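Protein chains get the first letters and strands the later ones, always in sequence-line order, with residue 1 at the start of each. The analysis underlying the following values was restricted to heavy atoms, covering all of them including side chains, and did not include hydrogens, waters or symmetry mates. As the structure is a computational prediction, the values presented were derived from the model and not from experiment.
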Number of protein chains: 2
Amino acid sequence: MTRRTLEDVARAAGVSLATADRALNGRAGVREQTRRKIENAAQRLCYRPDRAAAALARGQRWRFCFVLPAGDNVFMNQLAEAVRETAAWMAEERADIELVHVDVFDGPVLARELARLGPRYDGFAIVALDHPAVREAIDALVADGRYVVTLVSDVPTSRRHHYVGLANFAAGRTAGTLLGRFVGARLGTVGVIAGSLALRDHAERLAGFVQALSEVAPHLDVAATREGRDDRERTQEATEDLLGAHPGLVGLYVIGAGKRGAVAALEIARRAGDIIFVAHELTPDTRRFLLSGTMAAVVNQDAGHEARSAARVLLAYCEDRAINAAQERIRIDVFVKDNLP
Amino acid sequence: MTRRTLEDVARAAGVSLATADRALNGRAGVREQTRRKIENAAQRLCYRPDRAAAALARGQRWRFCFVLPAGDNVFMNQLAEAVRETAAWMAEERADIELVHVDVFDGPVLARELARLGPRYDGFAIVALDHPAVREAIDALVADGRYVVTLVSDVPTSRRHHYVGLANFAAGRTAGTLLGRFVGARLGTVGVIAGSLALRDHAERLAGFVQALSEVAPHLDVAATREGRDDRERTQEATEDLLGAHPGLVGLYVIGAGKRGAVAALEIARRAGDIIFVAHELTPDTRRFLLSGTMAAVVNQDAGHEARSAARVLLAYCEDRAINAAQERIRIDVFVKDNLP
DNA sequence: CTGTTAGCGCATTCAT
DNA sequence: ATGAATGCGCTAACAG
């Protein structure tokens, strides 16, 4: 029982190859009646198109552009590396991926860059700042027929086709529940250091964290949130500030980058391991901190999965195929020292 | 800048298409000197074969057989469903997947079945019992040129090509760390219920659990392990037994199936939510228990990921391609009520 | 609106 | 040991 081909369908429907192709691929120029005849035949024969042959015949290659922030954030470096690996893999799937670094923290700059890049690509994966100019630039790309997915950081009010990234409120809740349960019955204060509350993802994580913590450990106080600007030294200062202001600090949640600074402060104060420390993203640093006991848990998003997912989703849109929701859902990974990959 | 084809390479090397093909695909009948010339040319031109064209020309389809245990274990049902979804997806990648249910808990029966199925497939993904007869049957398949991956449950001493599943010792450790930290400073006893310690994965999880628990919470006692046979009623009995024998029970770890029974016992004793309850596999039940607070955490393996991974790995072996280790590593997922998918 | 035809890039005969 | 020729299943350009 060999597979059916388009030719089989055409013959069964009494039409030519070309007409069968047009009908099944939704191209114009087929009488409704003919189309139904062909669709029936396809159904009857259990026809499944051969993707390899279609790809070969079409010959077209898709051009995707991944826009990541300039700068040397560890997570973003991981993501960039993952994009490069994905590019190597997608090259065999008839898609060329280019990686562009932009100062995404400047809305107008990012918007201008997107407008400039627009004509050269079929699809975009953008680590986007939620800024009116960016929203408008994304909408312009979409209006122009480009496919756009936001990556890691979303612009929910834009017309982007898809968001590949964490549900940040839930991620914050996860951190809150873990920290609260780890602290247990102890009384005291919990400190929070965000990169910047102007960043949508940080703000969402914070809200989720506070909500979950208040549910699971209502006996704990939450100190006023400090901003560490995703910077090591500022985060260290913020942690020191926190330690000074709250001698009864029992927990610390760092929402963004700069974790090494927080650890330095904890170690100087000889509170490492004593204060329950939870943060985001698995990196060589946080990995080390988990193993040493300084960090209790890490809430992570898998950069490799995100890069691959963005590429798959763009490809699916371009080829008008369905996407597998289960496969593309970005999980909120929890790591303790024992389940490190 | 269009892509290079085999034809380009052949021309650059001054040979014919056929010879270039033979050389680059390691087929016999090419002088060493010629081969080097061709390989150089390929290198120079950055030649990457077009998978679609190769697939089309080859025309062959692979036949894979997934062997799962008969019976109605919830997790195995999820896995079976995932295999069916994977089959639909792989059908377009020139691979036909068939799903076979066997009583895998009977070594000789499984072995006989494998021997019978052997000739009809190119590759096997097997949920295997670690039994001498099974090991031998797997080795026979491999000796016969079949590709074999073990799925979920490994036979490490066999010659299987790959194992798709959890590192069970680490999974047990993860459960131990979580449970220990959640219990915190409280004193008391921790109960463990395994399906059967004759199952390699359960034994490994138990060892990991005990080890990690003793590190993170040395003040806790661990009660003698009960066996629940992955059965709801027996697990309920075991839990009741545990509750009776240890009034100071503060934690419960259920390694296998039968969780509903444990919850029933906890609820009857009015200790649900009070006793820290950790178990494996995310199912509609455990999901509900997490949300209700009865269960503190679930250590999970993603059946969808496992099914897809097994299929990808078999295909990679058949087509002699490299496998992406990062993508194929099965993660030890941790779920609390806040990061449920 | 529908049919005919020429490839897409590669694997594989069959010659030489 | 090497080359020429054929076709995989489909798309797209062109003809009618």
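Comparing dC1(C), dC10(D), dC10(C) by their nearest atom to the side chain of Arg31(A) picks out dC1(C). Proximity note for Ala54(B) (side chain, C-beta onward) versus dG9(D), dT11(D), dC10(C): the nearest is dC10(C).
Here dA1(D) presents its P atom at 13 Å from CD of Gln33(B), a figure rounded to the nearest Å. When the C1' atom of dC10(D) is taken as reference, atom CD of Glu319(A) falls 14 Å away, rounded to whole Å. Here dC8(C) presents its P atom at 16 Å from CZ of Arg61(A), a figure rounded to the nearest Å. In this structure, the NZ atom of Lys37(A) is 14 Å from the P atom of dC1(C), given to the nearest Å. At whole-Å resolution of the value, CZ in Arg51(B) and C1' in dC8(C) are 17 Å apart. Rounded to whole Å, atom C1' of dT2(C) lies 15 Å from atom CG of Leu24(A). Rounded to whole Å, the distance from CG on Asn25(A) to P on dA12(D) is 8 Å. Nucleotide dC14(C) holds its C1' atom 15 Å from the CG atom of Leu17(B), rounded to whole Å.
Residues Ala18(B) and Ala52(B) each lie close to DNA chain C; by heavy-atom proximity, the contact nearer the 5' end of the strand is made by Ala52(B).
Gly59(A) comes within 4.0 angstrom of nothing in the nucleic acid, heavy atoms only. Within 4.0 Å (heavy atoms only), Arg27(A) reaches sugar-phosphate atoms of the nucleic acid but no base atom. Nucleic acid contact for Leu56(B): base, since at least one base atom lies under 4.0 Å from a heavy atom of the residue. Residue Arg22(B) is classed as a base contact, given a heavy-atom separation below 4.0 Å to a base. Contact annotation for Asp21(B): base contact, defined as any heavy-atom pair under 4.0 Å involving a base atom.
Contact annotation: Arg58(B) reaches the phosphate of dA11(C) (side-chain N/O to OP1 or OP2, under 4.0 Å). Distances shown here put every side-chain N or O of Ser16(B) at or beyond 4.0 Å from the OP1 or OP2 atom of dA4(D). Applying the 4.0 Å criterion to OP1 and OP2 of dA1(D), one finds that Thr34(B) has every side-chain N and O outside that range.
Applying side-chain contact (heavy atoms from CB on, under 4.5 Å) to Leu166(B) and the options Ile332(B), Asn300(B), Asp333(B), Asp154(B) leaves one that passes, Ile332(B).
With rounding to the nearest 0.5 angstrom, the CD atom of Glu328(A) is 4.0 Å from the CZ atom of Arg312(A). Atoms CG and CZ, from Leu314(A) and Arg63(A) in turn, are 14.0 Å apart once rounded to the nearest 0.5 Å.
Salt bridge Glu85(A)/Arg308(A): absent, no basic N to carboxylate O contact under 4.0 Å.
Between the side chain of Gln78(B) and the main chain of Leu282(B), a donor-acceptor pair closer than 3.5 Å is present.
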